[in-house]
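Right, one structure below, let's go through it.
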Amino acid sequence: MTTTSPSAPGRLDRVLDWIERAGNRLPEPFMLFVLLTLVVAVLSSVMAAFGVSVTIPGENEITPVRGAFSGAGLEFFFTGLAQNFIGFPPLRTVVTIMLAVGLAERSGMLNALIRLAFSRAPRWLLPYALGFIGVSGSVMADSAFIIIPPLAAIVFKAAGRHPVAGLIGGFAAVGAGYSTSLLVTSLDALLAGITNGVAAALPVTGTPVTPISNYFYNAVSSIVLSLLAGLIIDRVVEPGLVRSGFPDTEVEPDDDPTATRGSDDPTAEPTSATVTPTERRGLRAAGVALLVLVVAVLVLVLVPNSPLRNETGGYLPASPLLDSVVTLVFLAFFVPALFYGIYAGVIRRGADVPLLMGQALKDLSGFIVLAFILGQFIALFAWTNIGAWLAVSGANLLQTIGLTGYPAILGFVVLASLLNLFIVSGSSLWTLMASVFVPMFLLLGYEPSFVQGAFRVGDAATQVMTPLNPYMIVLLTFVRRYQPSAGLGTVIAKMVPFVVPFWVAWVLVLTAFYAFDIPMGPGVDVRIGE
């Protein structure tokens, strides 16, 4: 056995070490928002004692900052605790959609669909197919980090390509493009709920945000990032692995005492990229069911005097159809998953359906607990009027220094990108930033959905290079199957080629929507009143 002396840490290693140490000092998201709620309570009480107030544009009366530690504040807390939690805007939409997505995942439909897409891609197209599947993988929420990379490694290996390129590229595409997809996901519902909850604090709320308010922007972004991911995998990552002599064969567990292949290891789950005849039968049934569903919805939508039309007979800017997005997304996953499960033999009796859906709720338990404190924070922030005061003060400051146009938006994206290195929970970070920036940019004339779209860049692009991303450890486990000596710095270094190009490309897409006033989604413009 030979040992090598550790080399002196380089500049990048020292920067990454600093990020890891700084991030480790942050509390967990739940405790972080407990502390922030207490900070808001104390700060509002001090500001109320000094008589701080704000004049909200569109209102004639002065709005005072209300103290949480007052009679009215204590009444608000004791009478509103449960309602603040249940009324947390994303809770009902995310839970509803995840019931259907959970059925699609637990029945095996999503896994089989991904393997089918891989198996039909020619060798030269594999990196681009992986880019598309990875960027759109957020439909499976965090499960995509565990399912897509090892499947990609298997497919790359079978096609004679470097398996670690598939592993690295799959993780990067999922993470760096996490906030966008050609499909409407539970994340769209989550962000929209938080955005609306914050915007409601001002008299001018802009166009209400729905899960499809960023759809045009997401569609363009996902295509651009998918192609870019494929290009980076094909031209940068894979050649770099070959040049460096990175192993392309898994180390046997007996040779690598650190390797684990137990049944409880999530990384050991995918074993083959082949779609079985039973799975193909299930996918065909799911496809037919989805087609019938689409036709039925189109008939319902297009018939004269449809109940899903608005009072003028149209659909934009608001209509029952747009208000039904959550229901439509639920059905789009639930109906195909149900037929897949039946024809694939996963669902044999009626009781299996709620059982599989219930397992999805178990995965949501952490979000539901976090939603409790997020709901309290948003409610208190709005009730004390600190959010309105910060928004008006911030908007006035930006106008005073002349920073009201695109530079202000770009600065917001940079800030989100930096904070994402430390707060990797998208719901936590957006709750924190939306509370201040949605009202601020509303006062500057920007639609909340545009601000939400700008946040998506910062929320995703940098998360694959922070040691605080819990799935980095999962990726490290995958990589160590090929190179047991790999460390956290190894996987972070492999992510760097994706971060800057993804960030720049995504900002350019945002810039194009801003410069040419392209609608962010159905009935939603960049600026208010356009």
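Bear in mind the structure is a predicted one, so any value in this text is a computation, not a measurement. Side-chain atoms are counted along with the backbone in the values below, which use heavy atoms only and exclude waters and symmetry mates.
Partners of L476 according to the side chain to side chain contact (heavy atoms under 4.5 Å, CB included) rule, which considers only residues two or more places apart in sequence or in another chain, are R480, A486, V491. Under the rule for a side chain to side chain donor-acceptor pair (under 3.5 Å), the partners of T195 that lie at least two apart in sequence or sit in another chain are W430, Q452. Evaluation of the ring pair (Phe, Tyr, Trp, His ring centres under 6.0 Å) rule for W383 yields F76 as partners, not counting sequence neighbours. In this view, F498 satisfies the ring pair (Phe, Tyr, Trp, His ring centres under 6.0 Å) rule with no residue, not counting sequence neighbours. In this structure Y406 satisfies the ring pair (Phe, Tyr, Trp, His ring centres under 6.0 Å) test together with Y514, sequence neighbours excluded.
Put simply, the side chain of L442 reaches to within 4.5 Å of the side chain of I528, judged on heavy atoms. At a threshold of 4.5 Å between non-hydrogen side-chain atoms, the residues V457 and F412 do not count as touching. Side-chain contact between I212 and D188: absent, with no pair of heavy atoms (C-beta onward) separated by less than 4.5 Å. Inter-residue side-chain proximity for I386 and M47 is flagged as met; some heavy-atom pair is nearer than 4.5 Å. Between P519 and V524, every side-chain heavy-atom pair lies at or beyond the 4.5 Å cut-off. L475 places a side-chain heavy atom less than 4.5 Å from the side chain of M495. Residues V40 and L36 are not in side-chain contact: their nearest non-hydrogen atoms beyond the backbone lie 4.5 Å or more apart. A heavy-atom distance below 4.5 Å is not found between the side chains of D525 and D517.
With ring centers used as reference points, F478 lies 6.0 Å or more from F171. In this structure, the ring of F513 has its center no less than 6.0 angstrom from the ring center of F216.
Rounding to the nearest 0.5 Å places OG1 of T207 at 3.5 Å from CD of E447. Taking CZ from F333 and CG from L338, the interatomic distance works out to 15.0 Å, rounded to the nearest 0.5 Å. Once rounded to the nearest 0.5 Å, the distance linking OG of S449 with CG of N214 reads 6.0 Å. Summarising the geometry, atom OG1 belonging to T210 is positioned 8.5 Å from atom CG belonging to N196; distances are rounded to the nearest 0.5 Å. Rounding to the nearest 0.5 Å gives a distance of 6.5 Å between CZ of F455 and OG of S179.
In terms of modelled atom types and a separation under 3.5 Å, the side chain of Q463 and the main chain of G175 share a donor-acceptor contact. S53 contributes no side-chain N or O that, together with a main-chain N or O of T63, makes up a donor-acceptor pair within less than 3.5 Å. Side chain of N420 to backbone of G458: a donor-acceptor contact under 3.5 angstrom is found. Panel note: side chain N385, backbone P64; a donor-acceptor pair is recorded below 3.5 Å.
Here the closest heavy-atom approach between residue S306 and residue V301 is recorded as CB-O, 3.5 Å. For the pair V499 and V464, the tightest heavy-atom approach, listed with the atom from each and the gap, is CG2-CG2, 3.7 Å. Shown here for A460 and A176, the closest heavy-atom pair between the two residues is CB-O, 3.3 Å.
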Full working for ring-ring contact (aromatic ring centres under 6.0 Å, His included) between F450 and Y217
CA-CA 9 Å; F450 176 70; Y217 170 70; 7.9 Å; no

How far apart are the C-alpha atoms of D459 and R456, what are their side-chain angles, what is the distance that settles it, and do they pass the salt bridge (charged side-chain N to carboxylate O under 4.0 Å, His left out) test?
CA-CA 5 Å; D459 178 47; R456 289 176 183 269; over 6 Å; no

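Sorted by first then second residue, the side chain to side chain donor-acceptor pair (under 3.5 Å) pairs that include residues 324-333, not counting sequence neighbours, number zero.
A donor-acceptor contact under 3.5 angstrom links the side chains of S417 and W503, judged on distance only.
Checked against W506 for a side chain to side chain contact (heavy atoms under 4.5 Å, CB included), the options V413, T511, T180 give a single hit: T180.
In F85, the CZ atom is crowded: over 12 heavy atoms of neighbouring residues, nucleotides or ligands sit closer than 6.0 Å.
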